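Keep in mind that this is a model prediction, so the values were computed, not measured. Note: hydrogens, waters and symmetry copies are ignored here, and every other heavy atom, side chains too, is used.
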Amino acid sequence: MKKYLIVVAGPTGIGKTNTGISLARYFNTAIVSADSRQIFKELTIGTAVPHSKELKTVKHYFIQSHSIFENYNASKYENEALKIIETLFEKHDIVLLVGGSMLYINAICNGIDIMPDADPEIRKALKKQLENEGIESLRYSLKKLDPDYYTKVDLKNPNRIIHALEISILTGKPYSSFRSNPKKERSFSIIKIGLNCSRNQLHEIINKRVDRMIDAGLETEARNLYHLKHLNALNTVGYRELFSYFENEITLEKAIELIKRNTRRYARKQLTWFRNDEEMNWFEPGQIKEIITFIENRISENEQH
RNA sequence: GGUGCCAUAGCUCAGUAGGUAGAGCAACGGACUGAAAAUCCGUGUGUCCUUGGUUCGAUCCCGAGUGGCACCA
């Protein structure tokens, strides 16, 4: 039998964890998480990591496996997760990739270009340039260092420009020379399962889940991390709003309201990305049987060719 | 029961000296290759409560109805 990576994606709160566990038990395999925040061991309540009970039933990878002090990114994830996946395929024909981080899933399925890690000092300097001289100045630098990318990039998006600049400065070569938009060959086939429900339902799930997080002590978790708020890992829905509350910028009620709103928006953004993926096969959460049947049919079709 | 006020976007409300309407919030759509739960761009989504009348034309003026609120009984 060939090897199959089953991707389970969908907006936050839709039930990826449960679906993933059901599928993993049925196929007797492990789960590789594709979640850019659940990966951090310092974050628990605000990221809705699977409960320890759930983690005991099925082996999970990349759940609370890294530290927020590490500068993590999609490329590191691609390298590390791919290694784990390859290892798992030694014992399993099917492996599950479960999560909502669009770029991370994309890194596994299609790969991203190889280029050096950004230098924190250079990034710092560019941030300062943005702060002091404005985005216009960054654009000017980019036009000089990478005129080709200058015509393609969203010139209003400082993060994009900064990244192109930091790579160009670090390597002495234009950022665009590293960009080939690869579709990397993988040793396994990919079957993508997308989970979605009505928008009203999704909003209700999200609102309730945020209330549950607050009841579970999210405020305390955030307060204990407050002194680390400069870390990128904490530029995260659920924490940043509480940080504003700690700074007396908003009330607790307002912070909770904003967490709900920003989570809803995040879910929408995820859907925008996933909807665009033509390989995605959509199901409602709870349609486990249908999903299993679909996967088995897909595999048996594939085995015949 | 009587009197008064109100009824416009999902919500709170503005407005039109009569020419089918706009703010805030919410919502919705999109971009995306090393910060991605990040970052950035875009979009009013409407039986102006219903129904008669006046008018070339009514969301606006007049009458009636319905619903809500307040006060008086």
Side-chain angles (χ1 to χ4, degrees), chain A residues 9-13 16 33-40 43 45-49 68 70-81 99-120 122-124 126-127 130 135 138-139 149 152-168 170-171 175-184 199-200 202-203 206-207 209-210 213 218 222 230-242 254 257-277:
Chain A
T12 185
K16 296 185 291 293
S33 168
D35 190 302
S36 71
R37 293 300 188 265
Q38 291 183 357
I39 201 169
F40 295 118
L43 312 183
I45 299 170
T47 56
V49 286
I68 54 174
E70 192 180 337
N71 269 325
Y72 208 70
N73 60 49
S75 176
K76 287 184 184 168
Y77 177 78
E78 180 190 356
N79 292 329
E80 294 177 8
S101 295
M102 302 80 75
L103 188 60
Y104 283 29
I105 292 173
N106 186 251
I108 297 299
C109 296
N110 302 317
I112 51 183
D113 279 313
I114 294 163
M115 59 183 81
D117 270 331
D119 182 322
I122 297 177
R123 181 171 290 187
K124 218 170 155 187
L126 289 167
K127 268 183 176 171
L130 173 66
I135 194 164
L138 292 178
R139 285 180 198 150
Y149 191 59
K152 289 177 189 153
V153 70
D154 175 1
L155 288 169
K156 288 180 178 167
N157 192 330
N159 280 14
R160 295 275 147 71
I161 301 179
I162 286 177
H163 183 236
L165 283 175
E166 62 192 4
I167 296 299
S168 303
L170 180 69
T171 62
Y175 169 66
S176 53
S177 68
F178 294 95
R179 286 164 56 89
S180 62
N181 203 355
K183 171 86 181 163
K184 290 185 189 163
R199 201 56 74 88
N200 281 344
L202 184 60
H203 286 179
I206 288 171
N207 295 341
R209 193 169 75 160
V210 171
M213 285 178 180
L218 181 59
H230 57 281
L231 296 176
N232 176 58
L234 290 173
N235 185 192
T236 297
V237 176
Y239 297 92
R240 61 208 292 202
E241 296 86 354
L242 285 170
K254 183 69 182 172
E257 200 183 307
L258 287 177
I259 293 172
K260 288 176 183 172
R261 184 198 68 184
N262 292 339
T263 306
R264 277 181 248 130
R265 289 181 177 176
Y266 169 52
R268 190 169 78 229
K269 196 175 71 170
Q270 289 174 301
L271 283 167
T272 297
W273 184 295
F274 294 136
R275 253 197 313 250
N276 236 334
D277 189 339

Item to check | Nearest-angstrom distance from the residue atom OH of A:Tyr266 to C1' of B:A36 | outcome: 8 Å
Next on the checklist: Donor-acceptor pair, distance only, cut-off 3.5 Å: does the side chain of A:Asn106 make one with the backbone of A:Met102?
Outcome noted: no
Checklist entry - Under 3.5 Å, is there an N or O donor on one side and an acceptor on the other linking the side chain of A:Asn106 and the base of B:U33? => result no
Item to check | Donor/acceptor link under 3.5 angstrom from A:Asn159 side chain onto base of B:U39 | outcome: no
Next on the checklist: If I take atom CG in residue A:Leu130 and atom C1' in nucleotide B:C40, what distance separates them, rounded to the nearest angstrom?
Outcome noted: 13 Å
Checklist entry - Between B:U33 atom C1' and A:Leu103 atom CG, what is the distance in whole Å? => result 6 Å
Next on the checklist: Looking only at the side chain of A:Asn235 (C-beta and beyond, no hydrogens), which of the listed nucleotides B:C28, B:C32, B:A38 gets closest?
Outcome noted: B:A38
Next on the checklist: Under 4.0 Å, counting only non-hydrogen atoms across every strand here, what does A:Gly238 touch: a base, just sugar-phosphate, or nothing?
Outcome noted: nothing
Checklist entry - Distance between the P atoms of B:A23 and B:U43, in whole angstroms? => result 13 Å
Next on the checklist: As a test of reading the structure: which of B:A35, B:C40, B:A27 is closest to the side chain of A:Ile162, going by heavy atoms?
Outcome noted: B:A35
Checklist entry - The side chain of A:Arg199 lies closest to which of these nucleotides: B:A38, B:C40, B:G29? => result B:G29
Next on the checklist: Between A:Glu241 (side chain only) and A:Gly238 (backbone N and O only), is there a donor and an acceptor less than 3.5 Å apart?
Outcome noted: yes
Checklist entry - If we take the P atom in both B:U45 and B:G10, what is their distance in whole Å? => result 11 Å
Item to check | Span that lies between the P atom of B:A9 and that of B:C48, in whole angstrom | outcome: 9 Å
Checklist entry - Whole Å only: how far is the NZ atom of A:Lys269 from the C1' atom of B:U43? => result 19 Å
Item to check | Atom pair distance, as rounded to whole Å: CH2 in A:Trp273 and P in B:A36 | outcome: 12 Å
Checklist entry - Among B:A27, B:C40, B:U33, which is the nearest nucleotide to the side chain of A:Lys156? => result B:C40
Checklist entry - Is the side chain of A:Glu166 donor-acceptor paired with the backbone N or O of A:Ala118 at a distance under 3.5 Å, no angle test? => result no
Next on the checklist: Regarding A:Pro116, tell me which of base, sugar-phosphate or nothing describes its non-hydrogen contacts under 4.0 Å with the strands shown.
Outcome noted: base
Checklist entry - Atom NE2 of A:His163 and atom P of B:A35: how far apart are they, to the nearest Å? => result 5 Å
Checklist entry - Nearest to the side chain of A:Asn276, which nucleotide is it out of B:A35, B:G30, B:A26? => result B:G30
Checklist entry - Between A:Arg264 (CZ) and B:C25 (P), how many Å, whole number? => result 14 Å
Next on the checklist: Expressed as a whole number of angstroms, how long is the span from A:Asp35:CG to B:A36:P?
Outcome noted: 11 Å
Checklist entry - When you compare B:C11 with B:A64, how far apart are their C1' atoms, in angstrom units rounded to a whole number? => result 31 Å
Checklist entry - Under a cut-off of 3.5 Å for both distances of each Watson-Crick or G-U pair, what dot-bracket string does RNA chain B give, using [ ] for crossing pairs and | for inter-strand pairs? => result (((((((..((((.....[..)))).(((((.......))))).....(((((..]....)))))))))))).
Checklist entry - Where each residue is assigned the nucleotide of RNA chain B containing its nearest heavy atom, which of A:Tyr175 and A:Arg275 is assigned the position nearer the 5′ end? => result A:Arg275
